[in-house]
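Contents: one structure, followed by commentary.
Every number for a ligand or one of its atoms is a count from 1 in the order of the listing.
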Amino acid sequence: MSYVRLDSDSISYVLDLSSGGIPRMAYWGSRLHDRAEPDQLAAMNNRPLFQAWLDEPYFLNIFPEQGTGFRGRPALSGEKDGQHWATLFKIEKIEQKNQSARIFLIDNLAGLKLVLDLEIDATSGILSRRTTIKNLTEPVYRLSYCAAGAIEIPSNCHELLTFHGCWTGEFLTQRYAFRPGLTQFENRTGRTSHEFFPGLIAGTKDFGENHGTVYGTHLGWSGNSVFFTELIPDGIRQIQMAELLMPGEIVLGKNDTYTSPWIYSGLSHKGLNGLSHKFHQFLRRKILPRTTQTSKRPIIFNSWEAVYFDHNLDDLCRMASKTADLGFERFVLDDGWFHNRNDDTQALGDWWTDQKKYPQGLQPLIEHVENCGMEFGLWIEPEMISPNSELYRKHPDWVLGLEGFPQLTGRQQLVLDLSRQDVMTYLFDRLNEILALHPISYLKWDMNRTLTMAGHKGCPAFHNQTKSLYDLIDRLREAHPHIEIESCASGGGRIDFEILKRTDRFWTSDSNDPFRRQQIQKGASIFFPPEITGSHIGPATCHTSGRITDITFRALTSFFSHFGAEFNLFELDDKEENILKTYISLHKQYRDIIHHGRSIRLELSDPLRNGLGVVSSDMKTALFCIVQMDIPTQTSARTICFSHLDPDSTYRLRLIRPVHHSIESKLVNPENWYSGFRLPGKTLMQTGISIFLPWPGTGVMFELKSINR
Ligand code: DGJ
């Protein structure tokens with residue numbers, strides 16, 4: 001028997017090649033012994049014949065095919081003049097290098113070639129896979145579906161966790177059982193979407209933050225996607241993820257190829273925190289642009305909820321001075337700075353400075369910001385065009401659309417057709433000029449409408465639109481390597497590993513409501529580490545929910561992220577201003593561990609609380625935050641057990657000021673809490689401590705420092 005074996009430090013992945021066709025997974029789990037005989041594992045995995053089915057045993061292979069007798073959903077769908085709708089690929093050759101393998105397969109009858117790429121990350125064990133299909137012969141191959149890969153889930157993993165949402169409600173989770181048949185999710189919005197983040201977790205019964213076996217998978221693609229779970233009546237469970245293709249979108253002529261997005265999968269026997277740790281490690285090491293991996297994340301002030309479109313140079317300079325006094329490090333000028341952009345009904349596409357608001361251009365503001373010791377960032381939304389714009393009046397034909405269909409607007413805007421070379425040249429030139437002219441350190445790259453009738457010369461252009469967006473960002477980054485980019489799409493509508501290869505952080509949500517943000521950030525944290533999760537303190541009365549919240553709660557909620565604020569700072573009273581200043585300096589003090597340590601979600605006995613933390617890689621320092629999401633149902637303190645500390649170390653645990661008066665008034669000897677208690681790591685994790693948080697919308701932050709090593 002022949003095998004391909006890919007090892008990371010902690011995980012092994014073994015493929016069984018014995019069928020001569022598409023391989024099947026023989027093993028995926030904890031790292032095997034170097035001398036382990038994979039055929040022993042294959043024997044363990046050998047399936048008997050199914051009752052009342054074919055006379056041959058069949059398996060789920062890593063790219064299931066119709067031609068093998070597989071009765072679930074195949075990984076490929078297409079046809080050539082009504083023929084070759086089923087395939088049976090045979091291995092041609094395999095190239096293997098350390099942690100990666102490339103498997104070349106051919107179906108001579110169909111005239112198709114398949115290339116399966118697999119790579120395991122040495123540290124995290126995250127497995128990356130993608131598929132390439134090539135048409136070798138006439139006639140054209142009409143491809144309607146090509147999975148990035150199929151993931152086999154063992155039959156003891158019958159619980160699922162999925163991520164759904166909406167604008168201001170991204171990454172909300174749902175938990176349910178693996179259902180018989182197909183459960184399919186489709187995103188047709190032309191961006192990663194608020195609605196169906198392409199990520200899924202399957203796990204053993206009652207898996208939790210620190211227990212259970214979990215398999216997580218994510219499709220790195222910023223356009224349309226389709227993914228499903230399937231429980232076939234014979235008991236086989238699979239997950240597939242792919243780009244969603246429109247009819248006729250991918251037509252492969254002779255020698256044309258299509259390559260799927262990458263699918264990333266990981267497994268952990270230590271629950272969701274174990275899985276998150278692997279995804280975070282992988283993202284930090286392999287996905288994020290190199291600049292981001294090492295840079296210090298400056299604390300951001302963003303002008304959006306402070307002034308909206310009402311830009312006035314003097315006011316903005318005053319705001320910038322105040323911002324700098326409070327300790328912010330980067331001033332981001334949001335929407336409203338360019339030609340005639342006085343509200344959201346107009347001007348997208350006209351990427352030059354508005355002469356009325358900025359008679360001498362942006363330079364005076366930028367100089368002021370720099371003189372205050374801060375960096376300058378700028379908002380843009382390059383893919384869009386307003387029907388009421390100079391650009392549209394000049395080039396109405398530059399719009400993505402389909403003749404004969406109404407041009408539907410969204411936020412009163414249309415989308416530029418990035419499949420056109422002239423559009424790409426225009427956008428590159430405009431942005432390049434702005435970046436060449438000004439010392440800009442950061443772009444907030446927004447995208448505020450979904451794609452609907454995305455046609456180019458009558459053909460579907462969703463795929464090309466996404467590819468062209470990547471090209472545009474890549475070209476700009478190459479020309480301006482120091483620029484950091486935030487991926488924003490009405491908040492968290494474009495968050496995925498592929499956009500993160502070329503951007504440095506994302507705007508997690510347009511909701512600055514800390515209650516909602518707690519939920520959103522908790523969901524997002526399963527895949528994404530804190531340093532790329534943009535989170536800002538908003539105004540006391542939240543602009544998207546109308547809810548009034550306390551500044552300490554807002555600050556605590558944004559603290560474990562890429563921290564910032566966006567509201568009118570002149571509305572703060574002295575006490576609030578002091579609190580904000582304190583959190584800014586605390587963030588500077590702790591951001592190194594927050595942004596480079598191991599982040600953790602706490603499993604708390606009280607469902608009305610949320611708890612998270614970070615532990616430095618040497619386990620000497622940890623920071624934990626517990627917040628109260630609703631009025632407690634009991635009138636005394638509740639226990640908090642910490643996790644991921646060194647059990648053999650003794651820590652000094654102390655409460656970090658400021659502490660809300662409702663909590664402080666219930667502490668016996670508050671000074672002892674502020675100076676700290678000495679407790680063994682084991683005790684902190686097993687027995688825990690107790691604290692009472694009587695008011696919803698409050699929280700506490702603890703520092704833990706190892707004192708014996
Ligand atoms: C949507 C973004 O999510 C907001 O933060 C803001 O930048 C607006 N667009 C500006 O139009």
Six-ring centre of W445, R477 cation under 6.0 angstrom, axis tolerance 45°: no
Within-shell test, R411 vs ligand 1, heavy atom, strictly < 4.0 Å: yes
E383 bridged to R449 by N-O distance under 4.0 Å: no
Nearest-contact summary for atom 3 (O) of ligand 1 - protein heavy atom, Å: D510 OD1, 2.4 Å
D354 side chain to Y358 backbone, donor-acceptor under 3.5 Å: no
Any N or O of W304 closer than 3.5 Å to N or O of ligand 1: no
Sidechain N-carboxylate O distance under 4.0 Å for K501, E498: yes
Charged N-O contact under 4.0 Å between E577 and K322: yes
Lys/Arg-Asp/Glu bridge criterion (N-O < 4.0 Å) met for R430, E390: no
Numbered atoms and elements of ligand 1 in range of C488, under 4.0 angstrom, heavy atoms: 2 (C), 3 (O)
R502 charged N/C atom sitting above Y470 aromatic ring, 6.0 Å / 45°: yes
Atom indices of ligand 1 within 4.0 angstrom of W507 heavy atoms, with elements: 3 (O), 5 (O)
Those atoms of ligand 1 less than 4.0 Å from some heavy atom in D335: 10 (C), 11 (O)
Residue K444 vicinity, atoms of ligand 1 by number, heavy atom under 4.0 Å: 4 (C), 5 (O), 6 (C), 7 (O)
Proximal atoms of ligand 1 relative to N448 (non-hydrogen, under 4.0 Å): 1 (C), 9 (N)
Identity and separation of the nearest protein heavy atom to atom 2 (C) of ligand 1: D446 OD2, 3.2 Å
Protein contact of atom 7 (O) of ligand 1 - nearest heavy atom, named by residue and atom, plus distance: D334 OD1, 2.7 Å
Contacting atoms of ligand 1, where contact means under 4.0 angstrom from a heavy atom of S490: 3 (O)
Other residues, nucleotides, ligands: >12 heavy atoms within 6.0 Å of D573 CG: yes
Backbone or side-chain N or O of F309 under 3.5 Å from ligand 1 N or O: no
